[in-house]
2 protein chains.
Amino acid sequence: MVPVNELEHPAREAIVLEDVLFALSDPVRLDLVRQLRESSLTAASCTTLDPSVPKSTKSHMFKVLREAGVIRNVPEGRNRRLSLRRDDLDARFPGLLDAVL
Amino acid sequence: MVPVNELEHPAREAIVLEDVLFALSDPVRLDLVRQLRESSLTAASCTTLDPSVPKSTKSHMFKVLREAGVIRNVPEGRNRRLSLRRDDLDARFPGLLDAVL
DNA sequence: ACCATAGTTCGATAATACTTGAACAATTGG
DNA sequence: CCAATTGTTCAAGTATTATCGAACTATGGT
């Protein structure tokens with residue numbers, strides 16, 4: 001069993017454009033990414049998702065973005081810190097984030 | 001009088017970013033769009049799709065791209081001419097196509 | 001150690017999207 | 001006008017994604 005603590009993130013070179021585009025093609029996920037443009041967030045303080053959305057649903061959204069290489073999701077105490085992988089995305093697909101966000 | 005076989009295309013202002021991203025998130029569709037970057041194509045001469053793919057499947061792919069506002073699909077004799085809506089996309093989402101193609 | 005908190009994972013169901021054959025529409029050539 | 005050509009549309013089946021409750025994991029506070 002893999003520790004549930006540290007989640008898998010694709011390396012910069014392994015980020016696939018199609019996966020990024022798909023991850024960003026959902027309005028709610030895109031909205032979250034736009035929030036992360038300013039600064040990182042803890043999952044708990046993520047206000048793009050109204051409180052009525054179950055945490056399992058939120059977690060799934062984070063997963064799609066994380067597995068596509070769009071965001072980083074690292075443990076921080078009892079919380080999770082979500083941050084945009086701007087450096088990696090800018091290096092791999094220059095101009096993409098600027099165009100989308 | 002407008003021919004009946006004219007298909008619906010969203011106006012420039014009506015093009016939705018999420019729809020564009022979704023349309024481009026499929027490898028085959030993205031490949032087609034990259035081909036259209038150079039010049040327009042007739043559907044028949046579209047070589048991104050191997051001949052084993054049924055025409056209904058191809059047609060559906062064109063539809064997704066057309067309804068997202070990514071390509072134009074206009075009748076040309078017995079054929080269809082497919083072209084990238086570069087002007088509209090550049091105007092609406094500057095830098096996006098450059099980053100993606 | 002215990003308990004509450006914050007999130008992930010699992011499993012099942014619902015909602016979307018894809019694929020394809022068959023029917024239909026429009027055009028060209030004879 | 002008729003038949004061949006080129007694509008679109010329809011409908012049914014398949015596959016992929018999304019949603020969400022419940023179970024589970026890890027951490028921090030008391």
Side-chain angles (χ1 to χ4, degrees), chain A residues 1-9 16 18-33 36 40-68 70-83, chain B residues 1-9 16 18-33 36 40-68 70-83:
Chain A
M1 283 297 196
V2 178
V4 84
N5 203 16
E6 289 285 346
L7 299 174
E8 296 272 334
H9 293 74
V16 176
E18 288 90 329
D19 294 345
V20 173
L21 296 176
F22 179 80
L24 297 177
S25 71
D26 176 71
V28 182
R29 289 193 299 251
L30 181 59
D31 208 45
L32 171 60
V33 170
L36 292 177
S40 64
L41 283 176
T42 58
S45 66
C46 172
T47 59
T48 45
L49 312 166
D50 57 280
S52 66
V53 176
K55 54 184 182 174
S56 56
T57 303
K58 295 181 186 179
S59 185
H60 178 258
M61 283 192 292
F62 302 151
K63 183 182 184 183
V64 173
L65 288 166
R66 171 178 55 83
E67 291 183 336
V70 177
I71 68 171
R72 203 168 264 121
N73 181 349
V74 299
E76 187 180 71
R78 241 180 320 200
N79 296 357
R80 291 278 167 175
R81 179 146 299 268
L82 308 176
S83 57
Chain B
M1 47 184 224
V2 177
V4 169
N5 59 340
E6 287 285 352
L7 299 174
E8 296 274 333
H9 293 75
V16 176
E18 287 90 329
D19 294 345
V20 173
L21 297 176
F22 180 81
L24 297 177
S25 71
D26 176 70
V28 182
R29 289 195 298 253
L30 181 58
D31 208 44
L32 172 60
V33 170
L36 292 177
S40 64
L41 284 177
T42 58
S45 67
C46 173
T47 60
T48 46
L49 311 166
D50 56 280
S52 66
V53 176
K55 56 185 182 174
S56 57
T57 305
K58 295 181 185 179
S59 185
H60 177 258
M61 188 170 55
F62 302 150
K63 183 182 184 184
V64 173
L65 287 165
R66 171 179 54 83
E67 291 182 335
V70 177
I71 68 171
R72 219 178 284 280
N73 180 350
V74 298
E76 186 180 72
R78 237 177 323 198
N79 296 353
R80 290 278 167 177
R81 178 145 299 269
L82 307 175
S83 57

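Given the structure is predicted, the values throughout are model-derived calculations rather than measurements. Sequence lines set the chain letters: A, B, ... in the order given, protein chains first and strands last, and positions in each chain run from 1.
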Trainee: Taking NZ from B:K55 and C1' from D:dA4, how many angstroms apart are they, rounded to a whole number?
Mentor: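 Result: 11 Å.
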
Trainee: In whole Å, I'd like the distance from the CG atom of A:D26 to the C1' atom of D:dT16.
Mentor: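 Going from A:D26 (CG) to D:dT16 (C1'), I get 15 Å.
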
Trainee: Quickly work out the A:N79 CG to D:dT25 C1' distance and round it to whole Å.
Mentor: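 So the CG-C1' distance, A:N79 to D:dT25, works out to 15 Å.
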
Trainee: Please confirm whether the backbone N or O of A:F22 pairs with a side-chain atom of A:S25, one donor and one acceptor, at under 3.5 Å?
Mentor: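 Confirmed, A:S25 side chain pairs with A:F22 backbone.
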
Trainee: Counting distance alone, no hydrogens or angles: does the base of C:dG7 have a donor or acceptor under 3.5 Å from a partner atom on the side chain of A:S59?
Mentor: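 Flag unset: no donor-acceptor pair detected.
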
Trainee: Roughly how far, to the nearest 0.5 Å, is CG of A:L36 from SG of A:C46?
Mentor: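 That separation rounds to 7.0 Å.
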
Trainee: A side-chain contact here means heavy atoms from C-beta on lying under 4.5 Å apart; do B:M61 and B:T57 qualify?
Mentor: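 Of all side-chain heavy-atom pairs linking B:T57 with B:M61, none is under 4.5 Å.
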
Trainee: Take atom CZ of B:F22 and atom C1' of D:dT17, then tell me their distance rounded to the nearest Å.
Mentor: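 The answer, rounded to whole Å, is 10 Å.
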
Trainee: Using atom CG of A:N5 as one end and atom C1' of C:dT8 as the other, report the distance to the nearest whole Å.
Mentor: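 Going from CG in A:N5 over to C1' in C:dT8 covers 10 Å.
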
Trainee: Name the closest nucleotide to the B:S56 side chain, picking from C:dT19, C:dT8, D:dT9.
Mentor: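 Of the options given, the side chain of B:S56 lies nearest D:dT9.
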
Trainee: In whole angstrom, what separates B:L7's CG from D:dC10's P?
Mentor: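 About 12 Å, once rounded to whole Å.
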
Trainee: Answer with base, sugar-phosphate or nothing: what part of the nucleic acid does B:R78 contact at a heavy-atom distance below 4.0 Å?
Mentor: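 B:R78: base contact, heavy atoms under 4.0 Å.
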
Trainee: Just one of A:R78, A:R80, A:R81 clears the side chain to side chain contact (heavy atoms under 4.5 Å, CB included) bar with A:T42, so which one?
Mentor: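 Only one of A:R78, A:R80, A:R81 forms a side chain to side chain contact (heavy atoms under 4.5 Å, CB included) with A:T42, namely A:R81.
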
Trainee: Below 4.5 Å, heavy atoms only, C-beta onward: do B:R66 and B:L82 meet side chain to side chain?
Mentor: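 No, too far: nothing below the 4.5 Å cut-off.
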
Trainee: Contact class for B:R81 vs. all strands (heavy atom < 4.0 Å): base, sugar-phosphate, or nothing?
Mentor: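 Since no nucleic acid heavy atom lies under 4.0 Å of B:R81, the category is nothing.
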
Trainee: What nucleotide among C:dG7, D:dC20, D:dT9 has an atom nearest to a side-chain atom of A:P54?
Mentor: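 Nearest to the side chain of A:P54 among the choices is D:dC20.
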
Trainee: In whole angstrom, what separates B:M61's CE from D:dT9's P?
Mentor: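 Taking CE of B:M61 and P of D:dT9, I get 15 Å after rounding.
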
Trainee: Return whichever of B:S45 or A:E76 has its heavy-atom-nearest nucleotide of DNA chain D closer to the 5' end.
Mentor: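 Checking each residue's closest nucleotide, the 5'-ward one belongs to B:S45.
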
Trainee: Could you state the atom-to-atom distance from CZ of A:R80 to P of D:dT27 in whole Å?
Mentor: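 For the pair A:R80 CZ and D:dT27 P, the rounded distance is 9 Å.
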
